[in-house]
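Inspection log for the structure reproduced underneath, given as structure tokens.
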Amino acid sequence: MNRNAWLFIFLSLLTGLIGAFVNPLMSLFIVEGLQSPPMYLGVYTSGVTLMGIVFSQWLGSLADKGINARNLFMTAVGGMALALVMFANATSFWQVFAAGVLFLSLGNAAIPQVMTIARFWADKQAHTDITQFNSQLRAAISFAWVAGPPVGYFFAAGVAFERSFYIAAGLALLALTFAVLFIPKQSQSSSTKAHSESQPASISFWLLTGTVMFGSIANIMYFSALPLYAIKELNFASHVPGVFMGLVALGEIPVMLYAAKLSKSVSKMKLLGFAFVCAITFYIGVFFAQDVWQFAALQLINALYYGIFAGIGLTVLQDQMPRRIGFTSAVYGNAIKLGVMLGTAGTGLIAQFNSFRFATLGSVVAASVALLCLLLFNMLKQPAHKPLESVAEAA
């Protein structure tokens, strides 16, 4: 990779670190720090997620219309910094809710914009492997989630949340400054921009989006149920769920990078199908597992699933609409966000009427629906669009 590629990967790491530093703290901050009722967690999550979807799609459409994608990223990450400073000084839930809906939701568009900027740059390079490059960007975000949560909790110890919020705001300003100093301006090429509106989203595209969303639902239902299931229902030590999460986070990074290389010789659709088979196997295994070593061994299968899913999912979606990269990057990010919102709600609903153990069966159902969407996509997908080079020549 050349120097600019590493700059984009570092920007992806910085941007991912902001969310990894703060997002895991929000439930504890709202309930313990602000002494708010637990039901307010759903109010906050729903409001920020839904507004984040609106902002992401809006900024993505602006990027496809030729607006400088770097400036759009700076706008998003600036909104995130402002929200974090407001969180650090908030004294009530409604102040946090307002800052989240107005500014943090804008900041949620930062990662899709990083992906958009990087793809615009990569499309102009002669020898860049797009799948590999996207996997490296995504691996940088996963690496941020290995380090971010424990560091965030460390600084928030003793319910001193403002320390974590100020540090995260500093990271946001660092990302903004880094973009200004080192990331070249990136925008849609004129020939591609002229054809962007003539490439509508097909039914097969939305089926693939459903694959991403249900894959996210499956992952978050397991992720959100694991701590309470392991500690309260299986009586594992309180640190054990963190060990499981760390194992899969470390394992998924090399899988992401290898999946991109493997996709040169194996169809991306077959790789995704294999990933969902791994997911179904993993969640069934978790449902029946009783010992720590069994959970630890199963994380290898989970790493295979999420490493492939996260490593090539964005590229597969972008490949369907190569003239609307801003739109597809935003759709990918929003499908993940919707999955998080629906998966978290689903976990609570299942646990309310049964137990957290049965949330893993919800993950089995979601992964199965994702696999079904993928199969339907393969049946209905339209012939591949002309590559960008052909579009430019035709123009």
Side-chain angles (χ1 to χ4, degrees), residues 8-34 36 40-41 44-45 47-49 51-52 55-56 59 72-115 137-138 140-183 223 242 245-246 249 333 336-337 340 344:
F8 287 111
I9 291 169
F10 184 71
L11 183 64
S12 181
L13 173 66
L14 269 181
T15 309
L17 195 58
I18 303 165
F21 209 78
V22 171
N23 289 340
L25 291 175
M26 289 309 298
S27 58
L28 190 64
F29 172 56
I30 290 171
V31 175
E32 297 293 332
L34 299 175
S36 302
Y40 280 19
L41 289 174
Y44 170 85
T45 302
V48 173
T49 299
M51 278 303 297
F55 277 125
S56 289
L59 294 182
L72 296 175
F73 166 78
M74 290 163 56
T75 300
V77 82
M80 189 177 289
L82 181 58
L84 292 168
V85 171
M86 295 176 72
F87 286 175
N89 293 279
T91 56
S92 74
F93 167 80
W94 295 110
Q95 291 173 343
V96 170
F97 181 76
V101 168
L102 294 175
F103 300 111
L104 191 70
S105 57
L106 177 62
N108 284 341
I111 286 180
Q113 284 304 308
V114 169
M115 301 300 177
L137 293 172
R138 190 59 185 79
I141 295 172
S142 291
F143 187 78
W145 275 86
V146 173
V151 175
Y153 273 106
F154 173 79
F155 283 107
V159 202
F161 295 100
E162 66 276 4
R163 290 186 300 200
S164 289
F165 291 141
Y166 277 128
I167 292 171
L171 288 171
L173 292 175
L174 178 61
L176 192 153
T177 304
F178 184 85
V180 171
L181 295 178
F182 299 108
I183 301 298
F223 185 84
M245 294 176 188
I336 297 292
K337 293 186 186 80
V340 169
T344 303

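- What you find for I18 and A175 is that their closest heavy atoms are CD1-CB, 4.4 Å.
- In this structure, the side-chain contact (heavy atoms from CB on, under 4.5 Å) partners of T75, at least two apart in sequence or on a different chain, are L106.
- Between L13 and I141, every side-chain heavy-atom pair lies at or beyond the 4.5 Å cut-off.
- Here the shortest heavy-atom pairing between A110 and T15 reads CB-CG2, 3.7 Å.
- Between W94 and F97, the two ring planes are perpendicular [angle over 60°; tilted spans 30° to 60°].
- More than 12 heavy atoms of other residues, nucleotides or ligands shown are found within 6.0 angstrom of OH on Y44.
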Enumerate donor-acceptor pairs with a distance under 3.5 Å from any side-chain N or O in residues 77-91 to protein atoms, sequence neighbours excluded.
residue	atom	partner	partner atom	Å
N89	OD1	Y166	OH	3.4
N89	ND2	V85	O	2.8
N89	ND2	Y166	OH	3.0
T91	OG1	Q95	OE1	3.3

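- In this structure, I111 CD1 and Q113 CD are separated by 11.5 Å, a value rounded to the nearest 0.5 Å.
- S12 pairs by the side chain to side chain donor-acceptor pair (under 3.5 Å) definition with nothing, not counting sequence neighbours.
- Residues F8 and I183 are in side-chain contact: their nearest non-hydrogen atoms beyond the backbone lie under 4.5 Å apart.
- Partners of F29 according to the ring pair (Phe, Tyr, Trp, His ring centres under 6.0 Å) rule, which considers only residues two or more places apart in sequence or in another chain, are F161, F165.
- For T49, the side-chain contact (heavy atoms from CB on, under 4.5 Å) partners at least two apart in sequence or on another chain are T45, I53, K337, M341.
- Between atom CZ of residue F10 and atom CG of residue L17 there is a gap of 9.0 Å, rounded to the nearest 0.5 Å.
- Nearest heavy atoms, A109 versus P112: O-CD, 3.3 Å.
- By the 4.5 Å heavy-atom criterion applied to side chains, F73 and L11 are counted as neighbours.
- In this structure, L171 and L14 approach most closely via the heavy-atom pair CD2-CD2, 4.4 Å.
- Taken to the nearest 0.5 Å, the CE atom of M51 stands 7.0 Å off from the CG atom of L102.
- For F143, the ring pair (Phe, Tyr, Trp, His ring centres under 6.0 Å) test picks out no residue, with sequence neighbours left out.
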